[in-house]
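Note that the coordinates shown come from a computational prediction; the quantities given were computed from them, not determined experimentally.
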Amino acid sequence: MRLLIFGLGYTAQALAARVRGAGGVVVGTTRDGRDGTIRFEDAAAVALELGVATHILSSVPPAGEVDPVLTRYGEALAATRSWLGYLSSTGVYGDTCGAWVDESAPIGHGRRNARAEADAAWQARGARVFRLPGIYGPGRSPLDRVASGSAHRVIAPGQVFSRAHVDDIVSGVIAGFDAPAGAYNIADDCPASQNAVVEYAARMLGMVPPSIVSLDALSPMARGFYAENRRVANGKAKRVLGWTPLYPDYRAGLRALSAMMSPPITKAAPAPVSGDQR
């Protein structure tokens with residue numbers, strides 16, 4: 001396998017490490033070509049890789065109203081016979097008032113219309129489109145935010161979100177290498193409120209839960225995030241990809257991250273939490 005990744009960010013780096021560990025070759029692009037990557041604007045180098053890649057994945061979000069990868073390299077992608085993949089967002093579903101949503105739902109009715117258009121455009125090219133919720137993992141989790149003092153709780157009764165550990169996203173994408181084209185939700189089994197997750201992380205750290213703030217105190221971007229409320233169903237990924245999340249809820253994911261950290265951060269066993277908030 002030779003995988004070309006447009007946009008070698010957090011999740012894509014985790015995927016690259018897994019593919020390389022299995023003996024594959026991974027080449028990635030970044031804006032400036034740092035750390036041995038290809039500069040995104042280097043059309044000659046990108047064209048060379050497009051010609052030899054067996055798999056091509058984009059993790060590049062829209063810039064304004066356009067998809068940078070399709071805008072610059074769409075013609076070359078149309079001519080390739082390589083496997084195509086795109087990391088999209090469950091934000092394409094918009095607000096469902098807390099209801100469950102799956103891949104059969106319409107997209108483009110929320111605050112991320114450009115993302116929805118890119119999602120549809122990649123599907124039209126025969127890509128496997130992986131719709132991702134809130135991503136967490138090593139170095140980027142509620143444990144890190146609580147420990148650094150940057151976490152907070154928000155007054156948002158009834159608000160729930162879906163999440164996915166980065167390792168589960170990686171395994172979902174890899175499962176998609178042999179799957180039919182189409183959209184797949186890669187999310188955990190247990191949507192939960194942000195407050196519940198932050199409070200659990202604080203208990204694991206032996207810290208007092210962070211302060212509660214009102215929505216009005218948040219940035220416009222953060223308020224937009226809380227304006228949407230949905231539960232993301234992952235049944236299609238389980239059925240078609242044969243994928244199962246290693247971390248089916250945030251508790252399992254945070255416990256695994258805690259075990260990875262050195263020195264151990266858990267001072268005492270976290271108190272039991274009632275209910276799964278489905």
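T37 places a side-chain N or O within 3.5 Å of a backbone atom of R34 that can act as its donor or acceptor partner. Judged by distance alone, with hydrogens and angles left aside, the side-chain atoms of R72 form a donor-acceptor pair with the main-chain N or O of E41 at under 3.5 Å. Without hydrogens or angle criteria, D42 side chain to R39 main chain gives no donor-acceptor distance under 3.5 Å. A distance-only check finds a donor-acceptor pair linking the side chain of K236 to the backbone of A183 [under 3.5 Å]. In this structure a side-chain-to-backbone donor-acceptor pair under 3.5 Å is present from R231 to G98. Checking side-chain atoms of S162 against main-chain N and O of V232 turns up a donor-acceptor pair under 3.5 Å. Although no hydrogens or angles enter the test, the distance criterion places no donor-acceptor pair under 3.5 Å between the side chain of T11 and the main chain of V166. In terms of modelled atom types and a separation under 3.5 Å, the side chain of D168 and the main chain of A164 share no donor-acceptor contact. No donor-acceptor pair closer than 3.5 Å links the side chain of N234 to the backbone N or O of A237. A donor-acceptor pair under 3.5 Å is formed between the side chain of D95 and the backbone N or O of N229.
When hydrophobic clusters are built by joining Ile, Leu, Val, Met, Phe, Trp and Tyr residues whose side-chain heavy atoms come closer than 4.5 Å, directly or via intermediates, Y86 is grouped together with L50. The hydrophobic clustering, which links ILVMFWY residues whose side-chain heavy atoms are closer than 4.5 Å, places I174 and L132 together. No chain of hydrophobic side-chain contacts below 4.5 Å, direct or via other Ile, Leu, Val, Met, Phe, Trp or Tyr residues, connects V240 to V129. Residues I186 and L3 fall within the same hydrophobic cluster, defined by Ile, Leu, Val, Met, Phe, Trp and Tyr side chains chained together at heavy-atom separations under 4.5 Å. Neither I155 nor V160 shares a network with the other; the hydrophobic side chains, linked directly or stepwise wherever heavy atoms of I, L, V, M, F, W or Y lie under 4.5 Å apart, form separate groups for each.
A salt bridge links D189 to K238: at least one charged side-chain nitrogen sits closer than 4.0 Å to a carboxylate oxygen. A salt bridge links E228 with R230: the distance from a Lys NZ or Arg NE/NH1/NH2 to an Asp or Glu carboxylate oxygen falls below 4.0 Å.
Annotation: cation-pi pair R140/Y10 present, NZ/CZ under 6.0 Å from the ring centroid and within 45° of its normal.
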Requested in this report: Walk me through it: do S104 and D102 pass the test side-chain hydrogen bond (donor to acceptor under 3.5 Å, both in side chains)?
Outcome: CA-CA 6 Å; S104 67; D102 65 17; 2.5 Å; yes

Query raised in the report: Between E103 and N185, does a side chain to side chain contact (heavy atoms under 4.5 Å, CB included) hold up when you go through it step by step?
Result: CA-CA 7 Å; E103 295 87 347; N185 292 336; 3.4 Å; yes

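Inspection of the R163 and Q194 side chains reveals an N or O donor paired with an N or O acceptor under 3.5 Å. Side-chain contact, S171 with W243: a donor N or O sits under 3.5 Å from an acceptor N or O. Y200 and R255 form a side-chain donor-acceptor contact under 3.5 Å, judged by distance and modelled atom types alone. Of the N and O atoms on the side chains of E117 and N113, not one donor lies less than 3.5 Å from an acceptor on the other residue.
A centroid separation of less than 6.0 Å is found between the aromatic rings of F161 and Y226.
Ring planes of W83 and F177: perpendicular class, angle over 60° (limits at 30 and 60°).
When all heavy atoms of V197 and A192 are compared, the closest pair comes out as CG2-CB, 4.4 Å. Annotation for M207 and V146: closest pair CE-O, 3.6 Å, computed over non-hydrogen atoms.
Using a 4.5 Å heavy-atom threshold, the side chains of L4 and F6 count as touching. Put simply, the side chain of Y73 does not reach to within 4.5 Å of the side chain of E75, judged on heavy atoms. The shortest side-chain heavy-atom distance between V154 and L218 falls under the 4.5 Å cut-off.
In the displayed structure, R223 atom CZ is contacted under 6.0 Å by more than 12 heavy atoms of other residues, nucleotides or ligands.
Evaluation of the salt bridge (charged side-chain N to carboxylate O under 4.0 Å, His left out) rule for E49 yields R2 as partners, not counting sequence neighbours. Take R153 and apply the salt bridge (charged side-chain N to carboxylate O under 4.0 Å, His left out) test, not counting sequence neighbours, and it matches E199.
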